[in-house]
There are 4 protein chains.
Amino acid sequence: MTLWSKSRNIALTMSSTVVTTAPRPRGRPRSSRAHDAIIDAVLEMLVEGTRVEELSIEAVAARAGVGKATIYRRWPHKHALLIDAVESVKDPLPEPGGVSVRDDLILLAKALGTARDTRAGKLFPCLMPELQRDGGLRDAYLAMVERRRDVTRGVLRRGIADGTLRPDTDVELAVALLSGPVLSSLLGSLPRLDTTDLAERVVDTVLSGIAAER
Amino acid sequence: MTLWSKSRNIALTMSSTVVTTAPRPRGRPRSSRAHDAIIDAVLEMLVEGTRVEELSIEAVAARAGVGKATIYRRWPHKHALLIDAVESVKDPLPEPGGVSVRDDLILLAKALGTARDTRAGKLFPCLMPELQRDGGLRDAYLAMVERRRDVTRGVLRRGIADGTLRPDTDVELAVALLSGPVLSSLLGSLPRLDTTDLAERVVDTVLSGIAAER
Amino acid sequence: MTLWSKSRNIALTMSSTVVTTAPRPRGRPRSSRAHDAIIDAVLEMLVEGTRVEELSIEAVAARAGVGKATIYRRWPHKHALLIDAVESVKDPLPEPGGVSVRDDLILLAKALGTARDTRAGKLFPCLMPELQRDGGLRDAYLAMVERRRDVTRGVLRRGIADGTLRPDTDVELAVALLSGPVLSSLLGSLPRLDTTDLAERVVDTVLSGIAAER
Amino acid sequence: MTLWSKSRNIALTMSSTVVTTAPRPRGRPRSSRAHDAIIDAVLEMLVEGTRVEELSIEAVAARAGVGKATIYRRWPHKHALLIDAVESVKDPLPEPGGVSVRDDLILLAKALGTARDTRAGKLFPCLMPELQRDGGLRDAYLAMVERRRDVTRGVLRRGIADGTLRPDTDVELAVALLSGPVLSSLLGSLPRLDTTDLAERVVDTVLSGIAAER
DNA sequence: TACTAAGCGAGACGGTACGTCGCGTCTTCTT
DNA sequence: AAGAAGACGCGACGTACCGTCTCGCTTAGTA
C-alpha cells in the first residue's frame, strides 16, 4: 500500500523488508480510526450500488463521521482513495481440493461465477473506466486479480506435471480461456449464453477443444 | 433508434414498417444539424479520452455550438444521449473469407484485437459502469456487440455444417471462449499473457483443447 | 450604482445622460427579484447585528432563497455586495424648518443622534475597516453621508447670508464640528460625555466658542 | 493587563501593588519569548494592513514561530488576543509646553493629525466593528484613548483656571469638539475639508465660535 | 403575406459537490 | 507542564455543472 502524504514527505512502499526507520514525523499522528472509517464508508457505498460518480467525497466524509480535510489529507484524488479501498479488499480465496484437475478447475470457475456477489466483484465495473487511465489503480486491481489467478495457475501446472494436461500447455492462455466466459457473463455481455453448468461446460470445452477430429 | 421527445409526445420505434403517419408536428422542425453536432461532440470527447463523469452536458453543448436546452429537448438524461451516441457508431464489420474456418476465426480474433483503436473500442471501458445499471444503454451496447459476434457465429455454424467442428459444439460458449482472451488483453487485465500471435493461439487452443489424451 | 458583470462586458455608469443603447445582452436577463432578495438579506442581517465576518455568502444566499452562483454572478467580492447594499439604503433626510438657524442645527444634530437606530447607522461600524481599504466602498458610503451633510451646509449658508453667522465662517469645518461629538458619542468613544441635551450644547458651543473674552 | 489562563486558574490584575505571591506553578514556566513573538506578530500584521478577518490565528502562529496551542493557552478568543495587542501599544504621548493654552491645543490637535501613522492609529479602523460588540476590547481601546485625551483635559482645565477659557466650559464637550474634525479627516470621512492648518483653524473656531454677534 | 407555434443560441436560475482554508481542540514527542 | 507540530471535526469559501427557465430570434406550415 502506498502512502500519499501532503506535508509530510513520506512515500514509503512496503517492498523493502528493512525499512530505513524514518525519523518519526512530528505532530499528532494520523488517526487509524479515521482511516478505517473512510475506507469502510467507501466500500459500503460501492457495495450498496452507489455509482462512482455519485460517490461524493462529501458523502463519504459524512458517512465516516469525518471532516473532508481528513480525506484530502490522506488521498490527493478520488482515484487514490478508490485504489486504497480496492487494495483493502481481501476476499477469501477458493482453495482447490488437489485431487482432480477437472474438479478443481470447475470449483474455481464456479467461485468466479459467484464473485459477482463479493465486494471485489461489485467494485469491478465501477472501476473499469478508471482502470484504463490510472496506472496505479490498475496495478492495485490487477494485484488483487492475480492473487486469484495464481490459484488457477497452480492447478494447471499440477495438471501438466502429473500428465493430465499437455506438456506444452500455455498456462496464461488457459487461464484467460477459463476465466473469460464466466467473467463476460458476469458483465452481462453474453446474454445468449446459457449459464446452466457453465463452469463445467467451460472447463470441459477448454480441456477437449471443439475440433471434430480428435 | 428511439426518439425521446419532451413536448411532443412521440415515442416512435422504427420497428413497425408502416408508421401511422403522425400529423406532422407544427412549428419549426428540429434541426438535424444540431442533432449531428451533439452526437459528434459526444463521440469526439469520448474518443479523446474524456471520462463519462467529466463529459458534462455543458461541455458537449459548447463544443457542439448548441444551447443546453437543445440537448435536453432531445434526450431526457445523459444516459439517453450516450445510448444514442453509442448506437450511432457503426464501425465496419470484418468479413471472413469463407474458405477455412480456422483462418476466418483468426481473422475475426485479430479484428477484435484491433478493436481497441475503433471508436466502439474506446467507448467500451467508459461505459462499463453505466452498462451495469442502465438497461437501455446495455441493450444499445449489446446490439452493437452482437452484430460483430453474429459474424463469428456464422463461421462456427458453417464449420459445424461442413464437419470441421464437432456437431455438438456449443456455439455461444465457443464465441465467448474465442473473444474472451483477446477482450481481456485489450482491457489490460491479462498482463502476463503474451500477445504475439495471440489470435492464432487462441483459435488453435479452442479448436484442440488442452487435455493430454486426445 | 455600478454594475459588476462577469461574462457580459457591461460596466455602465449612470453619469452620461444619453446612454448609447447597448445591444441588449443575449440570454435570459438577470432577475431583479433575486437581486432585491439578496440586497434585502444583507441589510436585514447587518441590521440584526451580524458581523461582517459572520455575514457569509452562504447565509445570504440561504436567507435570500438564492443560489450562491447568483450572488457571485453579480458581485465579484463581498465588498462589492456591501457597497451596493449600502448604496441602496436611502433613509429619509431630516428637513429643517428654515426659521431659526440654531433650531435647525439642533434638529439636525438630534437627527444624527438618532441615526444609530437607522439602517445606515448600524452599517457604519461594520464597514469601517473596509472603508479604509476599499475606495469604491468609501465612495459609496461618503455619497450617502454627504447627502445628509448637504442639509447642514444649506442651513449654515443660510445663516451666513442672513447675518446670523460670521461671513468668514468655514462651512466645512463647522459641519465637522457639529457632527463630530454626536458621531463620536454614537461610536461609544466618548463615554464621559453627558448626552443630555447634547445637541443643544454642541450647537451653542460651536456658535459662541469657549474663549473667555468675547 | 489581564492574564487569561486555562489550566492555571489565575486571573491576575496588575492593579494591586502587593500581589499575593501565587504558589509558583509547577512544570515548565510559560515562555515570555513566545508571548512577545505572538503580540509582535499580531501588531505587525495589523500595521501591514491585514484585515481583522484575515488575521488568522494560524497565520499569527506561523509568523511568530509558535504552535497554535500556545496561543490558545494564553488567550481564549481572538478578541482577547487583540485586546492585549492593543493594550501593549504605548505610543508616546505629546507633552504640551504649558505656556499658551492656544498653542498647547494646536500642538495636541497636530499630534492627533499625525496619529494616523502610529500603530494605534492604524489599529483603530480595524477594530471598529469589534469595539461595537466586545465590551472588553472597547474598554482596552478607550483606556488607551483616554490617556491621550487626559492631556487635553489638563490643558483645558488650566485654561479655565487661569481665566483664558470661560469658567463654565464643558470640558468633555470641548475635548470632543477639538478631536472630532481631525479624527474625522483621518478616517477620510470629510473629503471636502481643507486640511491646511486644520489644527489651528479647529482650535480658533472652537475658541471663538461662529456666531456673528460677539 | 401575415400569423403562429416550436426550435434555436444564450445564459440566468436554485441547487449540490468540489477541493481549500481556517477555526478551536486534540494528541503526539521534545524541552 | 509547556513547547512545536500537526491531525481532528466542522463549516464557509469561490467554482463548476446540474437540469430548468426565460429571453429575442429564426424557421417553418397555415391562414
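Computed over heavy atoms, backbone and side chain alike; hydrogens, waters and symmetry mates excluded. Here is how names work: the chains are called A, B, and so on, in the same order as the sequence lines, proteins then strands, and each is numbered from 1.
Atom pair C:Glu54:CD and E:dC23:C1' shows a separation of 13 Å (rounding to whole Å applied). The NE2-P distance, from A:His77 to E:dC18, rounds to 15 Å in whole Å. Going from atom CD1 of B:Ile71 over to atom C1' of F:dT20 covers 14 Å, rounded to whole Å. In this structure, the CG atom of D:Leu81 is 14 Å from the C1' atom of E:dG24, given to the nearest Å. Put simply, CZ on B:Arg33 is 12 Å from P on F:dA28, counting in whole angstrom units. Between the CG atom of D:Leu82 and the C1' atom of E:dC23 there is a distance of 15 Å, rounded to whole Å. In this structure, NE2 of D:His35 is placed 11 Å from P of F:dG3, rounded to the nearest angstrom. At whole-Å resolution of the value, CZ in C:Arg30 and P in E:dG14 are 12 Å apart.
Among F:dC13, E:dC23, E:dG19, the nucleotide with an atom closest to any side-chain atom of A:Tyr72 is E:dG19.
Every residue meeting the side-chain contact (heavy atoms from CB on, under 4.5 Å) condition with A:Arg63, not counting sequence neighbours, appears here in chain and number order: A:Ala41, A:Glu44, A:Met45, A:Glu48. Residues passing the side-chain hydrogen bond (donor to acceptor under 3.5 Å, both in side chains) test with B:Lys68 are B:Glu58, sequence neighbours excluded.
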All N/O contacts under 3.5 Å from nucleotides 21-25 of chain F to the protein, with atom names and distances to one decimal?
from   : atom 1 : to      : atom 2 : distance (Å)
F:dC21 : O2     : C:Arg28 : NH1    : 2.9

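Each of B:Ile57 and A:Ala34 was matched to the nucleotide of DNA chain F holding its nearest heavy atom; the match closer to the 5' end belongs to A:Ala34. Nearest-nucleotide mapping onto DNA chain F: of B:Glu58 and C:Lys78, the residue sitting toward the 5' end is C:Lys78.
Rounding to the nearest 0.5 angstrom, the gap separating the OG1 atom in D:Thr50 from the CG atom in D:Leu43 is 11.0 Å. Between atom NE2 of residue C:His35 and atom CD1 of residue C:Ile38 there is a gap of 7.5 Å, rounded to the nearest 0.5 Å. B:Ile39 CD1 to B:Ser32 OG: the interatomic distance, rounded to the nearest 0.5 Å, is 12.5 Å.
Dashed line: the shortest gap from a side-chain N or O of B:Arg74 to OP1 or OP2 of E:dC8 is under 4.0 Å. For B:Thr70, a side-chain nitrogen or oxygen approaches OP1 or OP2 of E:dG9 to under 4.0 Å.
Residues B:Leu46 and B:Leu82 form a side-chain contact, since some pair of their non-hydrogen atoms from C-beta on lies under 4.5 Å apart. Put simply, the side chain of C:Tyr72 reaches to within 4.5 Å of the side chain of C:Ile57, judged on heavy atoms.
For DNA chain F, the neighbouring residues in residues 59-66 of chain D, judged by any heavy atom under 4.0 Å, are D:Gly65, D:Val66.
Contact detail for A:Ser88 and A:Ala85: the closest heavy-atom pair is OG-O, 2.7 Å.
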